[in-house]
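It should be emphasised that the depicted structure is a prediction, and the values quoted were computed from it without experimental measurement. Just so it is clear, the values below take in all heavy atoms, side chains as well, and ignore hydrogens, waters and symmetry mates.
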Amino acid sequence: MGGSTTGDAGSTIPLTAVATVLLDAHGTVVRWSAAAAALLGRTADEVCGRRFRVLQDAPGEDELPATGTCRLRHRTGGRVDVTLRTVPQEPSTDVLVLLAPLSATADGDAHVPHTFPAVTSAQRRARRERDLLHAAATRIGGSLDAARTSQDLVNVLVPALGDLASVDLGDGVLEGIEPPMIAGAGELHLRRTAAAAAGGIWPAHLTQPGQLIPPALSTSEPRDVENGRAVVFSAKKVAALFDTPEQHRLAIPERGHSALWVPLLARGLILGTVSVWRTDQLDAFDDRDADLLTEIATRAALSIDNGRRYTREHRSVLALQQRLLPEPTTDAPAAETHGLYLPTRSGAGISGDWYDVIPLPSLRVALVVGDVAGHGLYATATMGRLRTAVRTLADLELDPTELLTHLDDLVQQFGKEADPAGPFVATCLYAVYDPVTRRCSLASAGHPPPVVTRPDGSTEPIEVTPGPPLGVGGMPFETTAVDLAPDSVLALYTDGLIERHDSDGEGGLRWLMDTLAGSCRPGRPLDDAGQALLADLDGAPPRDDIAVLLARTRSVAAEHMASWEFPAEPSVVSTARRVAAEQLAAWGLEDMTFTTELIISELVTNAVRYAGGPVGLRLIRENALICEVTDPSNTQPRLRRARWSDEGGRGLFLIAQLSRRWGSRYGRHGKTIWSEQSLAPAEFDLMTLL
C-alpha cells in the first residue's frame, strides 16, 4: 500500500490506505487522522475546529455528496483524484468522511481504499463511560484512609465527567463515627473532605476542604439526596437552596451551569455526598450521567466506609492499649522512667507491644517490656492479660527466672484456649533493679537485649542469655545480673524500634546505641531522649509497633542505710531493739521508735526460734522506713488470727497492723521478711491490737 502520486504542480503526496475526517453538524472538523494530514498536507492543529473547505466539486461547503469521485486540491496547488464517502452518524448529526486516493502507485499497483467503521457520538460516550468506570475500579479503594479514598474519587471524576468535583462527608466519619441510617436521616452535617478542579486549583471562593458545608433549605432536592437518590441541578436550582449571596458564592462556581449531586451510601448508611459541576464543558448533566456517577459513588462509598470502620476499630484498639499501658513517666527512689508507644499506621493494625513499671518492696522496681504476636483487638486484649499476670507474679517477689517460667505456663494456657491446634507466642523481658545494691537482674523470653548507657557516655547491650518465647515451653530461662552505677540509663524496647533500620536488627542495634550515647547524658530529660529515638522517622509510619521504656537508675545513699548481723541466740533480740533505736534517733525518727522496736522484736524472735542464724537486720530510710530481717530458712511465714486462749500466733498480725505493708521474698540462701512504715506514723491504740 506504499507509494506516492504526483499532482498537477508536481508535488509528491504520500499515499495512505484511507484518510478519515470527522465533522460535526456545522461542518467543523472534530477529528483529523494522520492519514488525512499526510494526504492533504495539513496538520490537525491547522484544521480541527475549522470548517472543512478543501473539497472541490462538492455542492456546497456543508453539503457533502454521499459518495463519488472528487478532485482534492492540495495546498501547494496540485490536485489528486479521491474516492469520497460520507457516512451520517445516527442518532448523532456528526458526519464521517472517508477519502482514498485513486491514482496508481509508483510501481503500478492499484490503490484499494479501505472502509473504517463509523464511530457515533453514542459510541464515543459509551467509550468514555467505560474508561471512567475502569479508572474508578483501578484507582479508587486502594487505601483504608477515608480522606484519601475521597480524594481519589474526585481525581477520577475530573475532567472525565466534569470540571469541578468535591466530596463532602458527614462530620465525624473521618473519626470513625457511624453516620445516620438512610431512613429518617434528617439534615446532613457535612464537611468538605476532598476537591479537584480541571485547572488544578480549587476556586478560592468555594467551600474549602476541611470547612463545613452551609446548611441548605428544606426542599425536595436535598431531601432526595438525604434519602439516597441522585439529583441533577441547574445553577438556578442550587441558588434556590441557600438564603444569602454569601452562601451562593460558597456553593456555585463561576460559569457553573449544571451540577450533579449523588449520595455516598454503604451498608444502609449515608456517609455524605459527591458533587460534580460543569463550567467549561457545555453539555448539561442528564439521567445517564446520574446513573454513571451513582455506580461509581456506590463503589467508592463502600471503600470509604471500610476506611471509617477501620479507623473506628484502630482508634478503639489504640485507646484500649493506651489505657492498659502505665503512665508514661514515673519517679521513684529506684529509678526515673519514661515510656513511649508508637503504633504502626500500616494496614496490619495495632499489635500487642507493651511496657510496664512495677514498684516492688524495699524500694526496688521491676521494668517490663513485651510483644504479643499478631495484630488487632485480640493481640491487645492478650497483652492486657499478660500485663496483669506479670503484675500479679511480680507482687510475689519472684526471681526473674521463676516469673518467666510461670508466665510461660500461662501463655501456653492462653494458646490452648484460643487455638488448640497451634501455640500462642509472645516475647518478654523482665528486669528488677535494686537501688540499695545497685544491681539489676534480668531474664529474657525471646526478646531483644536491653541497652545500657553509663554516666560516662559509653553504651553497650547487656548480654542476656535468651530463653524461648513465651508459649513455646520445654526450655529454661536464665537470670543475668549486672551492676549499674547511678545515672545509668537502661533502654528496654520492642523489635519494631530496630528492625526499621536493618532486616536482621544488627544495624538497628548500632543505631540505637549511637542515638542513646548522644541523648542520654546525665541531667538531660528522658523524654528528650525518647523523642530522639523517633526523630528520624520523618513522618513515615513504622512497619511494626514500637514500645520503648527508658529508666535512669538511682541509688540509696549510704547514710540512709544501716545493717547488722546477729547469731541465732535469744539475747540478740534486745540488742537488735537497742541498735535500731539508736539509728532512729540518729535519723531524727524518735517518734517511730516504739512501733519499730515491736516489729523488730517479733521478726528477730521468729528468726531465732524457727530459722536459726545468722540473722540479718537492715533499716532503710527513704520515702518510708523499711525494716528487713533475713534468715537462712525457706519457710513461708503465714498470718493467722490467734484465739483468745492461744499464747502465741499474734506476732505477724501485730506487724501487719503496725506496718503500711509487709511481706517476704526468697533469695538463694534463705528469705527476707520486710515491713514498711510511713514516715508520718498514724496513731493507734495498742490494746486494740492485742
Side-chain angles (χ1 to χ4, degrees), residues 339 351-358 365-374 379 382-383 386-387 389-390 393-394 398-415 422-434 439-454 459-484 488-513 516 533 543-551 553 668:
S351 67
D353 292 23
W354 57 288
Y355 65 88
D356 203 355
V357 180
I358 308 173
V365 64
L367 309 172
V368 195
V369 67
D371 187 357
V372 176
T382 304
M383 177 271 287
L386 278 182
R387 179 171 179 252
V390 169
L393 294 172
L398 299 177
D399 178 85
T401 296
E402 294 182 67
L403 185 141
L404 290 184
T405 300
H406 287 290
L407 195 62
D408 181 57
D409 294 337
L410 286 175
V411 172
Q412 292 184 58
Q413 184 62 37
F414 292 166
F424 182 86
V425 179
T427 65
C428 182
L429 179 70
Y430 183 80
V432 176
Y433 175 69
D434 188 343
R439 172 156 291 197
C440 184
S441 301
L442 313 95
S444 171
H447 205 81
V451 174
V452 60
T453 303
R454 304 189 186 278
T459 305
E460 61 181 354
I462 297 178
E463 298 296 333
V464 180
T465 303
L470 300 173
V472 175
M475 296 290 291
F477 301 100
E478 185 173 336
T479 297
T480 300
V482 294
D483 293 327
L484 298 179
S488 297
V489 176
L490 190 64
L492 288 71
Y493 54 90
T494 56
D495 54 8
L497 180 66
I498 59 175
E499 288 183 353
R500 60 192 176 94
H501 287 271
D502 193 274
S503 58
D504 59 7
E506 293 182 0
L509 185 59
R510 289 193 297 270
W511 162 84
L512 176 60
M513 291 189 295
L516 290 175
L533 292 176
R543 291 177 296 177
D544 194 7
D545 288 22
I546 295 175
V548 181
L549 179 61
L550 302 176
T553 61
R668 294 185 177 181

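How far CG of Asp409 is from CG of Leu404: 11.0 Å, rounded to the nearest 0.5 Å. Here the CG-OH distance, from Leu550 to Tyr493, works out to 12.0 Å after rounding to the nearest 0.5 Å. Atom OH of Tyr355 and atom CG of Asp371 lie 14.5 Å apart (nearest 0.5 Å). Leu410 CG to Thr405 OG1: the interatomic distance, rounded to the nearest 0.5 Å, is 11.5 Å. Here the OG1 atom belonging to Thr553 is positioned 11.5 Å from the CG atom belonging to Asp434, to the nearest 0.5 angstrom. In this structure, CG in Leu516 is found 4.5 Å from OG1 in Thr453, a value given to the nearest 0.5 Å.
Under the side chain to side chain contact (heavy atoms under 4.5 Å, CB included) criterion, Ala394 pairs with Ile358, Leu360, Leu403, Tyr430, sequence neighbours left out. Scored by the side chain to side chain donor-acceptor pair (under 3.5 Å) test, Asp408 finds Gln412 as partners (sequence neighbours excluded). Thr494 is linked by a side chain to side chain donor-acceptor pair (under 3.5 Å) to Asp353, counting only residues two or more places apart in sequence or in another chain. Legend: residues meeting side chain to side chain donor-acceptor pair (under 3.5 Å) with Glu402, ordered by chain and number and at least two apart, are absent.
Contact record, Ala443 with Leu429: O-CD1, 3.4 Å, taken as the closest heavy-atom pair. The minimum heavy-atom distance linking Val369 with Ala547 is given by the pair CG2-O, 4.4 Å. Shortest non-hydrogen contact noted between Glu460 and Arg454 is OE2-NH2, 3.1 Å. The nearest pair of heavy atoms linking Leu393 to Leu407 is CD1-N, 3.9 Å.
Applying the side-chain hydrogen bond (donor to acceptor under 3.5 Å, both in side chains) test to pairs two or more places apart or on separate chains, those with a residue in residues 440-449 are Thr427-His447.
Within the 4.5 Å cutoff, the side chain of Ile462 has heavy atoms near those of the Leu490 side chain. Between Cys428 and Val368 the shortest side-chain heavy-atom distance falls below 4.5 Å. For the pair Pro449 and Glu463, the minimum side-chain heavy-atom distance is 4.5 Å or more. Side-chain contact between Val452 and Val482: absent, with no pair of heavy atoms (C-beta onward) separated by less than 4.5 Å. Looking at Leu509 and Val451, their side chains come closer than 4.5 Å, going by heavy atoms from C-beta outward.
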Show which side-chain atoms of residues 471-481 pair as donor or acceptor with protein atoms under 3.5 Å away, not counting sequence neighbours.
unit_1, atom_1, unit_2, atom_2, d
Thr479, OG1, Asp399, OD2, 2.9
Thr479, OG1, Thr401, N, 3.3
Thr479, OG1, Thr401, OG1, 2.4

> Is there a side-chain contact (heavy atoms from CB on, under 4.5 Å) between Asp356 and Val390 once you walk through the steps?
Replying inline: CA-CA 9 Å; Asp356 203 355; Val390 169; 5.9 Å; no

